[in-house]
A.B. asks: 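For reference, the structure I am asking about is given below.
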Amino acid sequence: MKYKSQQVAYWFFALSMLLLALQIVYGFIMGFAHMGYDGLHDIFPFNTCRAVHTNLLVVWILSGFMGAAYYIIPEEAENELVNVKLAYIQLITLALVGVAAIIGYHFNYWEGRKFLEIPRPLDYLVVLNVLTFLGLILATLYKGKKRTTTSLVLTMGLVFAALLYLPGMIWFDNQTMDSFFRWWVVHLWVEGVWELIMGGILAFLLIKITGVDREVIEKWLYVIVGLTFISGILGTGHHYYYIGVDKTWLIVGGIFSALEPLAFLGMALFAVAMYRKGEKKHPNKTALNWTLGTAIVSFVGAGLLGLAHTLPQVNMYTHGTLVTAMHGHLAFWGAYGMIVFAIISYTMPNMTGRKLFNTNTGMLAFWLSNIGMLGMTVAFGVAGVAQVYLERKVGIEFGLVQKEIQVHFFILVCCATLFTSGITLYIYEFIKYGRPSNEALVD
Amino acid sequence: MLSKSQARTFFLGGTVITFAIFLGLSWNSLSNAVPKQTHEENLTDQVVRGKHLWESNNCMGCHTIFGEGAYYAPELTKVIDRRGEPFVKAVLTSKAPWAPNGRKMVAYGFSENDADDLVAFFKWIGEVDLNGFPPEPDLKQ
Ligand code: HEM
Ligand code: HEM
Ligand SMILES: [Fe+2]
């Protein structure tokens with residue numbers, strides 16, 4: 001760590017880990033409810049758990065991205081963060097708005113629009129918070145000595161992500177319009193601008209870990225984010241097949257969304273190629289694992305499992321079933337969960353000065369969480385395919401089909417336990433690292 | 001070999017072009033297709049009130065509509081066709097927990113008026129032209 005203000009990142013990562021732990025608790029409640037054990041229904045009905053589960057997911061990932069930016073931007077721009085105090089205020093208000101929203105969900109205070117459940121008044125606070133964050137990042141970049149491609153791509157991703165939040169705040173009377181613009185947020189985030197953020201963090205990690213020349217890495221970064229937007233923007237059409245808009249989207253969305261995996265394939269090939277080209281001397285093997293892991297697992301979860309149901313002929317049957325949940329889990333985990341874990345694993349030794357790189361706990365955390373999540377994906381997948389067949393092909397009633405597939409949720413909960421034990425070990429290590437220290441500053 | 005500035009041009013050019021096409025297609029859909037396919041002339045105040053109830057209670061946190069939402073409870077796009085209006089109203093106004101096949105729904109106990117609004121919303125939803133969704137179960141005997 002070269003700049004003292006990079007330490008801010010630690011607290012964003014800590015918030016991130018805390019929210020992830022809570023997210024998992026609500027995931028278990030839903031897993032059991034699907035299995036038939038809904039004993040908590042009166043206190044935590046399913047819709048509450050679901051809103052909490054997915055919103056915590058988004059917030060812990062965003063908090064991770066913000067921490068990553070607070071660490072990466074000063075280092076790339078070669079300048080201290082312009083205002084550290086404001087960064088802490090931003091952290092605390094982010095946590096407060098998040099907690100307020102989550103509490104509201106337990107008292108029927110929400111807007112039931114999937115992923116955008118935060119009520120409008122709180123939305124304005126989110127906007128204010130994000131503007132503060134962007135102000136700090138942009139000012140630091142502006143005052144810095146250098147503007148590298150890595151930092152520009154990362155910043156561009158963050159700025160666009162903020163802008164794209166706005167279409168989700170427009171009020172529509174027509175459900176089709178509502179849904180149309182909801183996807184400008186949800187789809188253009190995960191299959192567009194968040195990939196820029198992921199690409200930026202990945203490029204930073206590869207430059208540091210493999211020692212390959214920055215020019216080479218950044219050239220490929222442009223190619224990857226180019227592929228992302230060229231396929232992903234028109235790929236939004238894969239959510240417009242069956243919501244009440246014209247059939248043009250069946251063709252446009254079908255073709256362009258089928259190209260989206262190329263960006264993820266690019267990411268995987270890029271990471272592996274740079275690793276092989278590099279010196280393999282960097283001691284932080286845990287960070288290396290997560291870095292290569294995120295590139296590969298995102299290709300499987302987002303690329304391959306997305307492709308599996310993106311053509312209109314398939315999506316007609318799988319649309320809005322547990323098949324979607326299968327893809328949603330591995331895609332979010334592989335692309336955005338693991339990139340946050342990668343940057344945390346890379347930065348912790350630098351911020352705290354403790355070199356716990358290659359512990360068994362760290363390795364075990366990596367393997368247990370990934371094998372657990374892969375198992376969960378298979379469980380959702382088997383349940384989903386059975387559901388599609390029985391409900392949409394054979395025409396058996398929803399409730400009867402759900403009884404038929406309950407057993408897969410037992411497997412889901414078993415795999416989720418494995419996953420959770422991996423996460424627990426990771427958080428244990430995070431705590432063991434302790435706080436950031438000024439003694440860790442190097443020139 | 002590809003240079004860095006060529007790669008940047010690929011990124012910027014590709015983004016601008018595809019985004020322009022995206023805006024054009026979106027404009028076309030919203031101004032031509034949506035009013036027709038959703039029968040916007042039938043979008044009454046009652047339907048809008050129903051939509052508001054649908055949102056403020058986060059029904060989408062368990063159900064799907066147009067295939068969007070959660071996977072804990074049935075798709076409701078065609079629920080009026082499937083169950084008929086009296087059945088749906090009974091479920092919505094019931095104060096006792098409704099638990100078909102053992103899976104519980106929140107007992108909202110809506111007023112008659114609110115239930116009517118929701119039914120109007122479902123009727124409007126059911127008539128939207130969804131390009132063939134939900135599919136007919138083609139293996140049904
Ligand atoms: C990291 C990237 C990705 C993430 C985090 C992600 C996540 C998700 C999530 C959470 C949903 C459910 C959304 C909702 O119903 O509100 C979804 C739906 C979908 N995703 Fe992705 N996805 C990613 C990439 C992709 C890619 C690359 C493809 C295609 C090749 C794809 C294809 C689809 C399709 C077709 C649906 C709609 C499923 C349905 O009709 O129910 N996704 N994705
Ligand atoms: C221990 C862990 C977990 C369990 C048991 C679990 C279980 C569940 C369940 C039961 C649902 C609701 C499906 C429905 O609507 O019926 C869900 C939704 C979701 N979960 Fe998890 N989850 C866990 C961890 C995670 C993690 C770590 C992530 C992300 C990295 C995640 C991402 C999601 C997403 C994106 C959805 C929405 C999916 C969609 O709408 O298609 N979950 N989860
Ligand atoms: Fe998408």
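Letters go in sequence order (proteins before strands), and every chain restarts at 1.
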A.B. asks: Tell me which of these, Pro135(B), Cys62(B), Gly14(B), has more heavy-atom pairs under 4.5 Å with chain A than the rest.
C.D. replies: Pro135(B)
A.B. asks: Roughly how far, to the nearest 0.5 Å, is the CD1 atom of Ile243(A) from the CD1 atom of Ile65(B)?
C.D. replies: 12.5 Å
A.B. asks: Could you tell me whether the side chain of Val106(B) reaches within less than 4.5 Å of the side chain of Pro45(A), counting heavy atoms only?
C.D. replies: yes
A.B. asks: I'd like to know which of Gly13(B), Cys59(B), Ala73(B), Gly132(B) tops the heavy-atom pair count under 4.5 Å against chain A.
C.D. replies: Ala73(B)
A.B. asks: Once you round to the nearest 0.5 Å, how far does CG of Leu25(B) lie from CG of Leu234(A)?
C.D. replies: 6.5 Å
A.B. asks: Going by heavy atoms in the side chains, are Asp138(B) and Tyr317(A) under 4.5 Å from each other?
C.D. replies: yes
A.B. asks: Against chain A, label Glu136(B) side chain, backbone, both or neither, depending on which of its atoms sit under 4.5 Å from a heavy atom there.
C.D. replies: backbone
A.B. asks: Can you confirm whether more than 12 heavy atoms, excluding those of Tyr37(A), are under 6.0 Å from its OH atom?
C.D. replies: no
A.B. asks: Roughly how far, to the nearest 0.5 Å, is CG of Asn101(B) from CG of Leu400(A)?
C.D. replies: 5.0 Å
A.B. asks: Got a salt bridge between Asp178(A) and Lys51(B), using NZ or NE/NH1/NH2 to carboxylate O under 4.0 Å?
C.D. replies: yes
A.B. asks: Main chain of Ala33(B), side chain of Asp246(A): is a donor-acceptor contact present, judged purely on distance under 3.5 Å?
C.D. replies: no
A.B. asks: Do Lys4(B) and Val216(A) have side chains that get closer than 4.5 Å, going by heavy atoms?
C.D. replies: no
A.B. asks: Could you tell me which portion of His41(A) (side chain, backbone, both or neither) has an atom closer than 4.5 angstrom to a non-hydrogen atom of chain B?
C.D. replies: side chain
A.B. asks: Are any non-hydrogen side-chain atoms of Ser26(B) and Trp249(A) less than 4.5 angstrom apart?
C.D. replies: yes
A.B. asks: Counting distance only, does the side-chain N/O of Lys219(A) pair as donor-acceptor with the main-chain N or O of Leu2(B) below 3.5 Å?
C.D. replies: yes
A.B. asks: Pick one of side chain, backbone, both or neither for Leu227(A), based on which atoms fall under 4.5 Å of a heavy atom in chain B.
C.D. replies: both
A.B. asks: Counting only heavy atoms closer than 4.5 Å, note whether Ser3(B) contacts chain A via side chain, backbone, both or neither.
C.D. replies: backbone
A.B. asks: Give me the one residue out of Val128(B), Ile125(B), Thr77(B) that meets side chain to side chain contact (heavy atoms under 4.5 Å, CB included) with Gln175(A).
C.D. replies: Ile125(B)
A.B. asks: Can you tell me which portion of Phe181(A) sits under 4.5 Å from chain B's heavy atoms? Options are side chain, backbone, both or neither.
C.D. replies: side chain
A.B. asks: Hey, which of Phe115(A), Tyr109(A), Tyr222(A) has the most heavy atom pairs under 4.5 Å with chain B?
C.D. replies: Tyr222(A)
A.B. asks: Give, as side chain, backbone, both or neither, the part of Thr15(B) having an atom under 4.5 angstrom from any heavy atom of chain A.
C.D. replies: both
A.B. asks: Is Pro100(B) close to chain A through its backbone or its side chain, or both, or neither, when contacts mean heavy atoms under 4.5 Å?
C.D. replies: neither
A.B. asks: Test side chain to side chain contact (heavy atoms under 4.5 Å, CB included) on Thr321(A) and Tyr71(B) and set out the steps.
C.D. replies: CA-CA 6 Å; Thr321(A) 64; Tyr71(B) 321 123; 5.7 Å; no
A.B. asks: Would you indicate whether the side-chain heavy atoms of Ile230(A) and Phe10(B) approach each other to under 4.5 Å?
C.D. replies: yes
A.B. asks: Need one label for Leu12(B): side chain, backbone, both or neither, based on atoms under 4.5 Å from any heavy atom in chain A.
C.D. replies: neither
A.B. asks: Compare all side-chain heavy atoms of Phe229(A) with those of Val16(B) and state whether any distance is below 4.5 angstrom.
C.D. replies: no
A.B. asks: Which one wins on heavy-atom pair count under 4.5 Å against chain B: Lys403(A), Glu391(A), Glu117(A), Gln402(A)?
C.D. replies: Gln402(A)
A.B. asks: Any idea how His319(A) and Phe133(B) line up, ring-wise: parallel (<30°), tilted (30 to 60°), or perpendicular (>60°)?
C.D. replies: perpendicular
A.B. asks: How are the rings of Tyr72(B) and Phe46(A) set to each other: parallel, tilted or perpendicular (split at 30° and 60°)?
C.D. replies: parallel
A.B. asks: More than 12 non-hydrogen atoms from neighbouring residues, nucleotides or ligands closer than 6.0 Å to CD on Glu404(A), yes or no?
C.D. replies: no
A.B. asks: Quick check on the interface: out of Gly399(A), Gly244(A), Gly226(A), Gly320(A), who has the most heavy-atom pairs with chain B under 4.5 Å?
C.D. replies: Gly244(A)
A.B. asks: Quick one, His34(A) and Arg103(B) - any side-chain contact, counting heavy atoms below 4.5 Å?
C.D. replies: yes
A.B. asks: Just give me the residue among Trp184(A), Trp220(A), Phe256(A), Tyr241(A) that pairs up with chain B most often, heavy atom to heavy atom, under 4.5 Å.
C.D. replies: Trp184(A)
A.B. asks: Need one label for Leu43(B): side chain, backbone, both or neither, based on atoms under 4.5 Å from any heavy atom in chain A.
C.D. replies: side chain
A.B. asks: Any side-chain heavy atom of Tyr240(A) within less than 4.5 Å of one from Ser29(B)?
C.D. replies: no
A.B. asks: When you look at Val394(A) and Lys140(B), which way does the side chain to side chain contact (heavy atoms under 4.5 Å, CB included) test go after all the steps?
C.D. replies: CA-CA 5 Å; Val394(A) 184; Lys140(B) 193 168 185 167; 5.9 Å; no
A.B. asks: Heavy atoms only, distances under 4.5 angstrom: which of Arg182(A), Met30(A), Glu111(A) has the most pairs with chain B? Name it, please.
C.D. replies: Arg182(A)
A.B. asks: Could you look at Lys247(A) and say if it's the side chain, the backbone, both or neither that has a heavy atom under 4.5 Å from chain B?
C.D. replies: both
A.B. asks: Report the option among His52(B), Glu75(B), Lys104(B) that has the most heavy-atom pairs separated by less than 4.5 Å from atoms of chain A.
C.D. replies: Lys104(B)
A.B. asks: Checking Arg82(B) against Phe398(A): charged group under 6.0 Å from the ring centre and within 45 degrees of the axis?
C.D. replies: no
A.B. asks: Is the count of non-hydrogen atoms from other residues, nucleotides or ligands lying under 6.0 Å from Trp171(A) atom CH2 greater than 12?
C.D. replies: yes
A.B. asks: Below 4.5 Å from any heavy atom of chain B, which atoms of Gln387(A) appear? Answer side chain, backbone, both or neither.
C.D. replies: neither
A.B. asks: Could you check which of Asn57(B), Val34(B), Thr64(B) has the highest count of heavy-atom pairs closer than 4.5 Å to chain A?
C.D. replies: Asn57(B)
A.B. asks: Between Glu68(B) and Lys114(A), is there a salt bridge with N-O shorter than 4.0 Å?
C.D. replies: no
A.B. asks: Within the side chain of Asn47(A), is there an N or O that forms a donor-acceptor pair under 3.5 Å with the backbone of Asn58(B)?
C.D. replies: yes
A.B. asks: Between CG of Leu139(B) and CG of Leu390(A), what distance do you get to the nearest 0.5 Å?
C.D. replies: 10.5 Å
A.B. asks: Rounded to the nearest 0.5 Å, how far apart are CD of Glu40(B) and CG of Asp173(A)?
C.D. replies: 9.0 Å
A.B. asks: Between Thr176(A), Asn108(A), Asn174(A), which shows the greatest number of heavy-atom pairs under 4.5 Å with chain B?
C.D. replies: Asn174(A)
A.B. asks: Need one label for Leu116(A): side chain, backbone, both or neither, based on atoms under 4.5 Å from any heavy atom in chain B.
C.D. replies: neither
A.B. asks: With only heavy atoms counted, which part of Val48(B) is less than 4.5 Å from chain A, the side chain, the backbone, both or neither?
C.D. replies: side chain
A.B. asks: So for Asp129(B), is it side chain, backbone, both, or neither that comes closer than 4.5 Å to the heavy atoms of chain A?
C.D. replies: backbone
A.B. asks: Could you look at Leu53(B) and say if it's the side chain, the backbone, both or neither that has a heavy atom under 4.5 Å from chain A?
C.D. replies: neither
A.B. asks: For chain A, which of Pro134(B), Ala70(B), Gly102(B) has the most heavy-atom pairs under 4.5 Å?
C.D. replies: Ala70(B)
